[in-house]
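Structure first, then comments.
Treat the numbers as computed from the prediction; the structure is a model and nothing was measured. Order of listing sets the numbers, starting from 1, for every ligand and every atom in it.
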Amino acid sequence: NSVKCALLFLWKQHANMGHTTLDKIKALQKNPANIRNLCILAHVDHGKTTLADCLVASNGIISSRLAGKLRYLDSREDEQIRGITMKSSAISLHYASGKTDYLINLIDSPGHVDFSSEVSTAVRLCDGAIIMVDAVEGVCPQTQAVLRQAWLENIRPVLVINKMDRLIMELKFTSQEAYTHLQKILEQVNAVTGSLFTSKVLEERADKEKEKDKEKEKEKEDIDPMGCSGSEQVYDWSAGLEDSDDSQLYFSPDQGNVVFASATDGWGFSIQQFANIYSQKMGIRGEVLRKTLWGDFYLHAKAKKIMKGAHTKGKKPLFVQLVLDNIWSLYDAVVTRRDQDKVEKMMLSLGVKVMARDSRHSDPKVLLSAICGQWLPVSQAVLSMVCEKLPSPLDMTSERIEKLMSVGARRFDSLPTQTQELKTAFMQCSCEDTAPVIVFVSKMITVDAKSLPQNKQRPLTQEEITQRRELARQRHAERQATSQQTGNEEGNAHAGSTAPAHSPAGSQAVLSQMQALTVAAKPEDEGKQIFVAFARVYSGVVRRGQRVFVLGPKYNPAQGLRVLPEGSTSMTGSLPPVPHLACCTLDSLYLLMGRELEDLEEVPPGNVLGIGGLEECVLKSATLSTSPALPPFIPLNFEATPIVRVAIEPKHPSEMPKLVRGMRLLNQADPCAEVLIQETGEHVLVTAGEVHLQRCLDDLRERFAKIKISVSKPIIPFRETVVKPPKVDMVNEDLGKQQKVAVIHQVKESDTLHLDPSGLVTLTTPNRQATVGVRAVPLPEEVPLLLEGSADLIRTLEQAGQAQRDGRFLDMSPRTHDALLGLKSKLEGLLQGRKWRNAVDRIWAFGPRRHGPNILLNSVEGYQRPSVWHCLERDKGEKDGDNAIRDFDNSIVSGFQLATLSGPMCEEPLMGVCFSVERWEMNFPIQRQPEGRGEDIGAGVVDCYGPFSGQLIAAVKEACRHAFQAKPQRLMAAMYTCEIMATAEVLGRVYGVLGKREGRVLQEEMKEGTDMFIIKAVLPVAESFGFADEIRKRTSGLASPQLVFSHWEVIGSDPFWVPTTEEEYLHFGEKADSANQALKYMNAVRRRKGLYVEEKIVEHGEKQRTLGKNK
Ligand SMILES: Nc1nc2c(ncn2[C@@H]2O[C@H](COP(=O)(O)OP(=O)(O)OP(=O)(O)O)[C@@H](O)[C@H]2O)c(=O)[nH]1
Ligand SMILES: [Mg+2]
């Protein structure tokens, strides 16, 4: 702990630019060809921040002794204490490779699944990524997730296999075993990438590459192939030397896109480095070594040749012999055996010198780091790979640009020409004054006002020191003078020379001058939070004080160009208002240096930067530009579903306004947290998981609201659904018809409501002018899954349908169009059988919110309304007959939306329910108005029950609810999946915890090459709170499981179940509520929402009464 404290102290002390000056960085920013914007991505705890430390240390910002221990970029105190990163942060570094200087804009990201939205914000601003994998743990769930993120954003990855030391020290692998293990890890990673890259785009790319290869091969034939043609020597040295560059697709050390490293011990290497070393030593061409150091090659000692087939011949592969063995023997000598002589010898042969205090240090790791840091510095290996393999901002592909600019279903080529022309601006990354400024803000970060450059305490310059000394001298003189004065009242005469200091005004002046020189924070800034936008410039030079357009997510450049006078930019004076377009001034620009900010006057394109003064016009993310032709960028891909919700209130009711303000700030500062006010008036915070929740609450208490708050227990979401009537009862007896009867009794009939035994509910509006008949049918299990997964598509479909009804045409990209057709045919595949005949073509709407996992079906005889898919058939155009939508069609849809939004069990949304409308009769002559089918429809038919459409909506809603209740109802619980890694000894305890929390183990397997088991399990969200903690406590030293929302699952038990048969009474007793988990969940929700709860109070063992029924 004291070590932690000491580190914490050091971490607070660190604040300098290192040996790279601000001027140097400013100069580097101007050359986009030598800029690399990249982020570090990995599963939690695989060593991202530790590696970042090593890179930061290479710039002298922190001492290399502390690198790997400080975790400099984890600038929040809770990050340091918990040991996990919770936000992405950026730092700019300088790297010199030979004579070329590079600027590395590095973003460290968190690996914990709760913060995966932070990864999205980082990935958007980058052109490349370092994917890290723990050499022991291999590919983990978040590794897959981050690879997917990188792929979705079209950024290029390189791989770092970290924690190599664990293979030596923990697993005690031999170098040969380690080699096999590493091969497996590479296979795993490549399998994930392979599965991602199956899309057409890549096939195309591969085709192109093939062509290139062919050309290259032709060229190659002209070159003399080094004359190595022995038949024994299978490896042809020349073949494949020229890279068939699929390095973008797969990771392979011989492609130069893999680094092996130990970030804590400060070493890392790529094949390239060893190739350089041995090409000098052994006189083999570096190129050849680069191709053979990884793979099935061995060194034929006598022939001094590199041969293929190490595996079959039982020889040591080159990688083991020339690379791993060296490292293994170094660890052996330094750490295991602590053999002083051998170490000396090795240092001599490596040409490494260490300081005496390092070699005498009691911890051998210190010596090890000192040697490795010089021999194979990890920063060198990683940064040279980054500069070589990752693209610069100039290499942005047109594919990526088009994707960024094609919001929603819009096709790039359907955008206005002026908009399409902006693509060149992206490609050129031009810093000309004429180039339009394009900036994307991916998140808003908060910093203490104190730490802004203008408020920071900085070291004084030489001039200031002299000035201060002078002032101090004056003050001293003045003090002496006054003391003389008091001592000698007549001493006025000879104090004449210091006259100005004499007068009180004069001494005030000196004082204020002094204060002006101590560059401290103003008191009103104390603890104030300032928002800084985390952004990147894509084109044009951003200048301080510049005015730019802020393009809202719904801004349409076509509309903007139409409304604004031609040629207007954000600098033009007064402009007519355009929806979703605002103007703002960039007050200040910052260079992001971890927790430090440095003031900048201007930022050239291709750089990552911070922008101050946007908090009024940007909520979480935004696109900024000087040109109104730019569309907003596509929204960030958030993988995490915010699922944990809590209600928050201030401890003292009077502090409500502070809480509201604080929650607003929190909402702005966190990419993924949601803040909302529920119908009940509660202030609700929705977060991605428990750890995220904790961080949000801390932020709220300490930074944003600064008040004491009380937090409710997590509110657990449920879904309501209906199922097929069960065939057996609770004691597995055949039920026959009787269950159906029991269920149906829940619906009470009246004169306007009628229920037939098959479950059809018929309801008449109060004014008796319309009658609807609705039946609820459970959808096959896969359908709601498909619909939930396609929510975005369905939303687009809905927009297109709306546009069509308004007589417009939404230009959909062919990809979206195909995807929708695919969705339709998938639905057709799932809805098979007599019951679902033609069902897909009869879909009336989806709900709730028009894109949810429930379906409204048109089964009204004689009502031919176009289906939701109608808008996909472009060529059909709009014939009148096609569009014969009845009046009030929309009221039916609205009633359905309301019914699916909150169900009758506990007012939670429905899922997987199909409402089939089988009757819809109108009993009055409606005068069809020729034009407006819109709002004024009801005008003619107002009666004492209010507007007719309102009655119809209510009637449909009620009919749906009753139809729902006429079927066996079930709750659905949200489920997490988790992967837990455990050793055999603690396996039993893991199962114990899972069992207690109603978890279910899906899979258990041994991690290859280790004694670890990987358990995959699902766990209800309702039972998950404290799960990670409990697992950690019960199985000390275990990596904590990460819970990822996976799906909704029907809870088997019927919440309304009461024993009906003799056997059931026998089995469960009369009250029979002890085992009913579903009932418990349902009542908990009802109680929270203030709904009526029918509860049985148990007085004595067996006797009971039902409160609700007696009242
Ligand atoms: N043995 C060994 N441990 C390492 C190595 N690199 C990092 N670690 C340790 O792994 C732990 C996690 O390191 P971090 O750098 O915080 O991991 P991270 O990937 O940034 O974690 P998150 O940001 O929370 O996802 C720390 O205790 C490090 O000391 C390594 O090369 N070898
Ligand atoms: Mg980290």
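- Among the atoms of Thr50, some N or O lies under 3.5 angstrom from an N or O of ligand 1.
- At a threshold of 4.0 Å, the pair Asp78-Arg82 does not count as salt-bridged, since none of the basic side-chain nitrogens sits closer than that to a carboxylate oxygen.
- Of all the atoms in ligand 1, the ones that sit under 4.0 Å from a non-hydrogen atom of Ser262 are 31 (O).
- For the pair Arg124 and Phe440, the cation-pi test (distance below 6.0 Å, angle within 45°) is passed.
- Residue Ala263 approaches ligand 1 through these ligand atoms, each under 4.0 Å from one of its heavy atoms: 6 (N), 30 (C), 31 (O).
- None of the N, O or S atoms belonging to Thr50 lies under 2.8 Å away from the Mg ion (ligand 2).
- Contact record, Leu38 with Ile104: CD2-CG2, 3.6 Å, taken as the closest heavy-atom pair.
- In summary, the aromatic rings of Phe260 and Trp294 are positioned with their centroids under 6.0 Å apart.
- The protein non-hydrogen atom at the shortest distance from atom 24 (O) of ligand 1 is Thr85 N, 2.9 Å.
- For Gly111, a nitrogen or oxygen atom sits less than 3.5 Å from a nitrogen or oxygen atom of ligand 1, counting backbone and side chain alike.
- Contacts of Arg166 with ligand 1, taken as heavy-atom pairs under 4.0 Å, involve the side chain alone.
- Given atom 30 (C) of ligand 1, the protein heavy atom at minimum distance is Thr264 OG1, 3.0 Å.
- Atom 22 (P) of ligand 1 is approached by the protein to below 4.0 angstrom, counting heavy atoms only.
- Evaluated by nearest non-hydrogen atom to atom 25 (O) of ligand 1, the leading choice among His112, His46, Lys48 is Lys48.
- Atom CG of Asn667 sits about 11.0 Å away from atom CG of Leu700, to the nearest 0.5 Å.
- In this structure, OG on Ser117 lies 8.5 Å from NZ on Lys620, to the nearest 0.5 angstrom.
- Between Asn162 and ligand 1, at least one N/O pair is under 3.5 Å apart.
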Applying side chain to side chain contact (heavy atoms under 4.5 Å, CB included), run through Glu690 and Phe1027 and close with a yes or a no.
CA-CA 10 Å; Glu690 246 188 311; Phe1027 173 73; 5.7 Å; no
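- Not one N/O/S atom of Ser109, from backbone or side chain, sits under 2.8 Å from the Mg ion (ligand 2).
- Here is the list of ligand 1 atoms found below 4.0 Å of a heavy atom in Ile84: 24 (O).
- Side-chain contact of Glu137 with His43: a donor-acceptor pair under 3.5 Å is absent, judged by distance alone.
- At under 3.5 Å, not a single nitrogen or oxygen of Asp74, backbone or side chain, sits near a nitrogen or oxygen of ligand 1.
- Under the 4.0 Å criterion applied to side-chain N and carboxylate O atoms, Asp698 and Arg695 are not assigned as salt-bridge partners.
- Ring-plane geometry between Phe319 and Phe269 is classed as tilted, the angle between the planes lying from 30 to 60 degrees on a 0 to 90 degree scale.
- Where the criterion is an N or O separation shorter than 3.5 Å, residue side chain and backbone included, Met164 fails it with respect to ligand 1.
- A cation-pi arrangement is present between Arg595 and Tyr72 under the rule of less than 6.0 angstrom and at most 45 degrees off the ring axis.
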>> Leu592 vs Leu609, test: side chain to side chain contact (heavy atoms under 4.5 Å, CB included). Steps then yes/no.
In response: CA-CA 6 Å; Leu592 299 169; Leu609 80 163; 5.9 Å; no
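- Of all protein heavy atoms, the one lying nearest to atom 20 (O) of ligand 1 is Thr49 OG1, 2.6 Å.
- The protein heavy-atom contact nearest to atom 16 (O) of ligand 1 is Arg71 CD, 3.3 Å.
- Of all protein heavy atoms, the one closest to atom 32 (N) of ligand 1 is Asp165 OD1, 2.7 Å.
- Atom 12 (C) of ligand 1 has its closest protein heavy atom at Asp45 OD1, 3.2 Å.
- Polar contact with ligand 1: absent for Glu170 (N/O pair, distance under 3.5 Å).
- For the pair Lys163 and ligand 1, the shortest N or O to N or O distance falls below 3.5 Å.
- By the 30° and 60° cut-offs, the orientation of the rings of Phe115 relative to His692 is perpendicular.
- Residue-to-ligand polar distances place Gly47 within reach of ligand 1: an N/O pair is separated by less than 3.5 Å.
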